[in-house]
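Shown next, in structure tokens, is the structure this report addresses.
The basis for the numbers below is simple: all heavy atoms, side chains too, and nothing from hydrogens, waters or symmetry mates. Naming: A, B, ... by sequence-line order, numbering from 1 per chain.
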Amino acid sequence: MSTATHTERQETAAPAIELKGISKAFGPVQANKDISIRVMPGTIHGIIGENGAGKSTLMSILYGFYKADKGDIFIAGKKTDIPDSQAAIAAGIGMVFQHFKLVENFTVLENIILGAEDGRLLKPSLAKARKSLMKLADDYGLKVDPDALVQDIGVGMQQRVEILKALYRQADILILDEPTGVLTPAEADQLFRILGRLRSEGKTIILITHKLREIMETTDTVSVMRRGEMTATVKTAETSPAELAELMVGRKVLLRVDKKPAAPGPVILDVEGLRVVDDKGVERLRGIDLQVRAGEILGVAGVAGNGQSELLEVLGGYQTGKGSVRVNGTALDLTGNKSDGQSRRNHGIAHVPEDRQREGLIMEYQAWENTAFGYHKDPAYRSGMLMDNAAIKADTVEKMERFDVRPPNPKLAAKNFSGGNQQKIVLAREIERNPDLLLIGQPTRGVDIGAIEFIHEQIVALRDQGKAILLVSVELEEILALSDRVAVMFDGQVMGIRDASQTDEKELGLLMAGITDTDAPHSIEEIEDNLAHAGGDPHKEV
Amino acid sequence: MDYITLIQLFDSTVRLATPLLLACLAGLFSERAGIFDIGLDGKMLAAAFFSAAVASLTGNVWLGLLAGIAASMALSLLHGLASITFRGNQLISGVAINFLAAGLTVLIAQDWFQQGGRTPSLIGGARFNPITLPFADDIAQTPIIGPLYAELISGHSILVYLAFLAVPATWWLLYRTRFGLRLRAVGENPAAVDTAGVSVIGLRYAAVLICGVLCGIAGAYLSTALQAGFIKDMSAGRGYIALAALIFAKWRPWYALWATLLFGLFGALETRPDVIEALVNFKVQGQLLAALPYVMTVIILAGFVGKAIPPRAGGEPYVKER
Amino acid sequence: MDVMPKWAEVVLVPLISLLLAAILSALVILGIGEDPVAAVKLMVSGALGSTYGWGYTLYYATNFMFTGLCVAIAFHARLFNIGGEGQAMLGGLGVALACLYIPWPHWSLALIGAAAMAAVFGAAWAAIPAFLQAKRGSHIVITTIMFNFIAAAVLNYILVNMLRPQGSMDPATARFPDATKLPTLHDILAPLGIEFSKAAPANISLLVAVAACIFLWVLIWRTRLGYEIRAYGHSESAAKYAGISPVKITMIAMIISGGLAGMMAINNVMGEAERLVLNATEGAGFIGIAVALMGRSHPLGVFLAAILFGFLYQGGAELALWTSIPRELIVVIQALVILFTGALDNMVRMPLEKIFLALRAARAPKPERKPVEPAE
Amino acid sequence: EPALIFDLGGKFDKSFNEAAFAGAQRWAEETGESFREIELQSEAQREQALRRFAEAGSNPIVMTGFAFGDALGQVAGDYPDTDFVIIDMVVDAPNVRSVVFNEHEGSYLVGMMAAMASESNTVGFIGGMDIPLIRKFACGYAQGVLAVNPDATVISNMTGSTPAAWNDPVKGSELTKAQISQGADVVYAAAGGTGVGVLQTAADEDILSIGVDSNQNHLHPGKVLTSMIKRVDNAVFDAMSDGPGMEKGFNVMGVGNEGVGVAIDEHNKALVTAEMQAAVDEAAAKIADGSLEVHDYMSDDSCPSLSF
Ligand SMILES: Nc1ncnc2c1ncn2[C@@H]1O[C@H](COP(=O)(O)OP(=O)(O)OP(=O)(O)O)[C@@H](O)[C@H]1O
Ligand SMILES: Nc1ncnc2c1ncn2[C@@H]1O[C@H](COP(=O)(O)OP(=O)(O)OP(=O)(O)O)[C@@H](O)[C@H]1O
Ligand SMILES: [Mg+2]
Ligand SMILES: [Mg+2]
């Protein structure tokens, strides 16, 4: 990357990317309709839109992953044919996909050189890549362990690998599709610092995100997509979050959670000395004590991989543990044959799992079948020896209506709903059970703001009915917005519990790094070091 | 059991393991690229026939070998067409290929030779003959290493050496070359390969074709090296055993060698009830003996081999657009 | 969102695929110098042209229904049971023991008893690989392959050394007593005034097989167990979340699977041979894999695929009887049918989908329809 | 028009089905007439083929293999005007001719030759599947060996327990090599297609082999000591020649009526010493006149000279 090249480009002032009239249909679904967009070199261009608006599709077309049905692509003013990703790479485009495209059981280095090897033998390629990697790491502060297996590193690291992949291929144009969906605030901040750095070097960046704050803070221009069409492109400086939200959803959106102060009742969940050892013999929970009362939301914050998942799993009945867990005063079986999801549900525990696609739903099942998932033994869903499918379907129709699931078609397979609507199906199933205790993990991951608003409202409403809610989220903003009290986990332990109204992101951030004396000054290095040595398995949370 | 018996047992192990090893490596290439292949048996059978047929017609075993490889590759292409291009079910395609080979070999054999689905017996240059390695005869009398070298190491057909060389070659190709890196990647996450600008389809076809080549050699070994001609169904289910060995080997080349040698050893032991009787001190009933390799496999699998994790994208066609 | 109407998917695609298989088969028949038209005629009339032909077609189909269902139920739990062959062999042993050693007063009781024994034996033979998979992580594909070989050895031993009547050349049991003789379709249909061939071996087991198809359909789509089995098959992690035990589902699915394979024996051993012979299963366990795959693991699909294979078997037998076409040709035809309907179905589907999309676009001139609710 | 039904092994099984086919062809060539035939694919087709041919007017209907016994027992009564000939099995019906072979006698003779040809005093037997018929072969063979040389060792192996055992020449080879390493220098194969591998390997390893059912001496001239021939071809030829209305009943084909015997021709003449020839002739004569009785495994399911 010579400096001459990009100054040259800026002088010509042709858009780095120009798309003209791009259309793409998947079977009967028109994902992109006649889309045109220009992105100027050396800028960060944001793209927002509801789930399923067609953002990822458009970017995949630009990257040659999909072929457009119609339309032209111009790179630096030149009409360029991008039939496959190879052509995109040759045109200087790099893309970090929403779902990472990494080979999990390869090392970081192997992932970096895949497809960009020099020559037929690996050894020289690897040596050369190792060197460039060092340099890139130094230049941009993108440190990774080149010999670690991708499956052993956290999502934040995996994303770094994806960015490094693009930089290693000398990308001038970098596309990031929802890069912060899985990052902690600290990681996200770092990512944006790096993006700023890249922009200052003249690289062009396209950023897709659902988070308006990120758009406002980092982008130069922003485009809004709706139902496959590009509805607006505006200068970031000349717009506001409220306006963007409205452009996106087509109505006014409440951006803050509106909730009354909590009125906590008796203790519903009482956890004492909870320990969990995973299959590999690593202690994941190292003596957890916490309580959740009726009518309150306890938020559990923490960097992914510090035991939050295990906490949910053991409470949800699909991980064994030691210690004491009482619900409404009754002790739960943590190891024996009463330790399963069914028994937990019988105790009045409902659970919205962290990963709706891997746990909460059977993607091939139709909506109505998913409505019964976990509750399929409910007598109400039964007629004689059989399942009462008619009853389940009727129930589903009702729930879909109450939760505004779109389309309200109980016979559509789960995989054919958008992420937000998938999440609503899970929430409807769990909340409508009227549980005493609701466990809820990452309720709004990858969900657009319209749906977030709705989901947050439902959670608060449940609290107001006097239910106990244990909320796990890596979004500090969400934790602070919803919780009444916040417990911060680090390395399998609770570092502290704070009143949500008495704390802020900074204090929580330090607790998340395992630092309890939150008033003393701390360096970034100290925090990073602490995080690196936590015994977490960050991968589990992906 | 004396030393010579042991050598003989291992000698037999090597012969029995060779076709399994070749087929196992063949499956390894295919499955590492994400294409499951239960059609190994059919490909071996087709290759066994065509190599024997062409060797018999031309008198040249090398031409036979080429024909066998070509036949096996043709079936590989069919498998590729079904499971890569048309994203069909890989298991069904494999089953169909096994049926196709079982039927077509006999039909064609009968049509060409009218010998009841057999090829004529191969003689002379139409067969792979054992190779005596240098000095084998000279040192045969030396204690310990003499028999080891002269009996066990020397005296196999060239295809055996080829098969054993194929193990390090496979390892090298898979772990030391660009092609291998991409091949392994495409079996784990084809989207990663695709977005890296490499053709998933091209890689998978390449893998499937290499699988064809190796199955072709395995089949040719059966009919032109171990035997002197083709008879119907002569693969006798070895493709399935190779598949079992592949899972056993956890899709790794060196493990594949040990796994197939183990299966070979079980097979060799089955032919030597006298050795087993000497070991266990009682007469082993015939059918029990026949079941022995399989029982041993199950025991070893249950007792000593952990979970085998197949290539993550295995068995699934690569679909970008639903 | 489906591109094609359901009828096209369910009827048109398989039909065109079959047609392609038929065309290629015809070419092969031409290739060996025979007349394909005559051959097809002979196959169709031989297999479907008389109650006699139907009797054989249905007899084979009965076998394949049982083994097809066996593979299908395991598939629903994402278990690949290649062991249907061995499980059916053991089922045969169960039937033989039940018929030989229990003095049944009436065939109906014998049928129930023998079917139960067959199911128990088959299930037991499947339970071991299931247990090893669930508890020890042994790959079920290998263990079931191994158990096929072990079953063959066990059966060989028992028939040659234990159950064979003294001095009999045949490694087979004695004939079962008359009281265990199952009514054939002729016997069943005669009271209804329907003339059915007396010679054909199709028997009441067919009804059991059909009942098994229905039972399995109900089990899979209408019961909680079936719901759990499918859920586990789709996603093990989600199943765990829902409180579905992987060990339990693996064991139950395989036990049902093995039981179904075992029950094949009431057809071939009790209904047809009326004694247990060596290799009584004749590869039906393997055909079951093709049947289940072609039937997309749906009981109705299995039923239809089983009939198709029954037709191929009986049609092939007629070809072998009246022409000099070698029996291997039938194997080739089977291969082509499996290939085209099972593995190359997209070759037919893809162009058809294009046609239907184009038709749809033509019908709805304004493509401004709202996109259907998106997936993530 | 007569009909011939082959057993599941198929008409080219290198064994008795093939011999039957040869007999039928010889008949067809000599008479210029034709016959129907079918290779079975499944057990259920036994009865089917019998009935279909009977209904189509084929007469006589010849079938090879003991496995037809049961089906023929069911069918014969329904077609009293059709003559049936079953080989290798006895079916007691007025319209059935049963032809059985004393394989143990022929095997006895080749066993004698094996023992005399052996220099290591160790000989081998390789069977296909472990079924009574094959034990009958093995048992007769072992008796013949021990009659000549009571100190000889007979190694006996079976190939397997699935139908693949009849078509696995590779395994046949391996078994042969295993027997050679145990000292065997003559092996007798009764294993269908697997035997092809046995004879091949014996020839490659320069020991002697003994063929079975049909005369296999020509396969490896000078390497096949002899073949135990079982004249299934004659039985079929006779049946077809006799035609409808043939004599029914129970035909035992033994050494006495040349139903079984040893094959000596130009391919193995050099291997057969005068002494051998004399011994075999003498034993054959004694068997024929009843003064020597070879124990038949089937008579009591046991063998005095070999354990299974
Ligand atoms: N061939 C098949 N293979 C796999 N799954 C199938 C097949 N046919 C139907 N299914 C699935 O079976 C389930 C129920 O099938 P069913 O035949 O009951 O259809 P349905 O129209 O949903 O009936 P109902 O509305 O009465 O439940 C559905 O999930 C459907 O997708
Ligand atoms: N590979 C595919 N095959 C079929 N349909 C697809 C495919 N990918 C996307 N779609 C459909 O295209 C539409 C646009 O999807 P896309 O992924 O581009 O949306 P998005 O804006 O990125 O949504 P999200 O915010 O959830 O990531 C959706 O209706 C989706 O279901
Ligand atoms: Mg997207
Ligand atoms: Mg998304």
| field | Heavy-atom pair with the smallest gap, counting every atom of B/Ala196 and A/Leu114 | value | CB-O, 3.4 Å
| task | Could you have a look at A/Glu110, A/Lys165, A/Met95, A/Arg169 and say which one has the most heavy-atom pairs with chain B under 4.5 angstrom? | result | A/Glu110
| More than 12 heavy atoms of other residues, nucleotides or ligands under 6.0 Å from CG of A/Leu149: is that the case? | yes
| field | Straight-line distance of A/Phe100 CZ to B/Thr195 OG1, nearest 0.5 Å | value | 12.5 Å
| message | Looking at chain A, which one of B/Ala185, B/Pro190, B/Gly180 has the largest number of heavy-atom pairs inside 4.5 Å, strictly under? | response | B/Ala185
| Going from CD on A/Glu117 to CZ on B/Arg182, what distance comes out if it is rounded to the nearest 0.5 angstrom? | 4.0 Å
| note | Whatever's closer than 4.5 Å to a heavy atom in chain A on B/Arg312 counts as side chain
| said: Between B/Asn189 and A/Val103 (side chain of the first, backbone of the second, donor and acceptor by atom type, cut-off under 3.5 Å), is there such a pair? | reply: no
| Out of curiosity, A/Leu122 CG to B/Trp172 CH2, how far, rounded to the nearest 0.5 Å? | 9.5 Å
| task | Tell me, for A/Asn105 versus chain B, whether the close heavy atoms (under 4.5 Å) come from the side chain, the backbone, both or neither. | result | both
| remark: Taking every heavy atom of B/Ala191 against every heavy atom of A/Lys101, the minimum-distance pair comes out as CB-CD, 3.6 Å
| For atom CZ of A/Phe106, is the number of surrounding heavy atoms from other residues, nucleotides or ligands below 6.0 Å larger than 12? | yes
| Structural part of A/Leu121 lying under 4.5 Å from a heavy atom of chain B | both
| field | Interatomic distance, B/Leu173 atom CG to A/Arg120 atom CZ [nearest 0.5 angstrom] | value | 11.0 Å
| field | Rounded distance (nearest 0.5 Å) linking atom NZ of A/Lys123 with atom CZ of B/Arg176 | value | 6.0 Å
| message | Please determine whether the number of non-hydrogen atoms from other residues, nucleotides or ligands lying under 6.0 Å from atom CD1 of B/Ile309 exceeds 12. | response | no
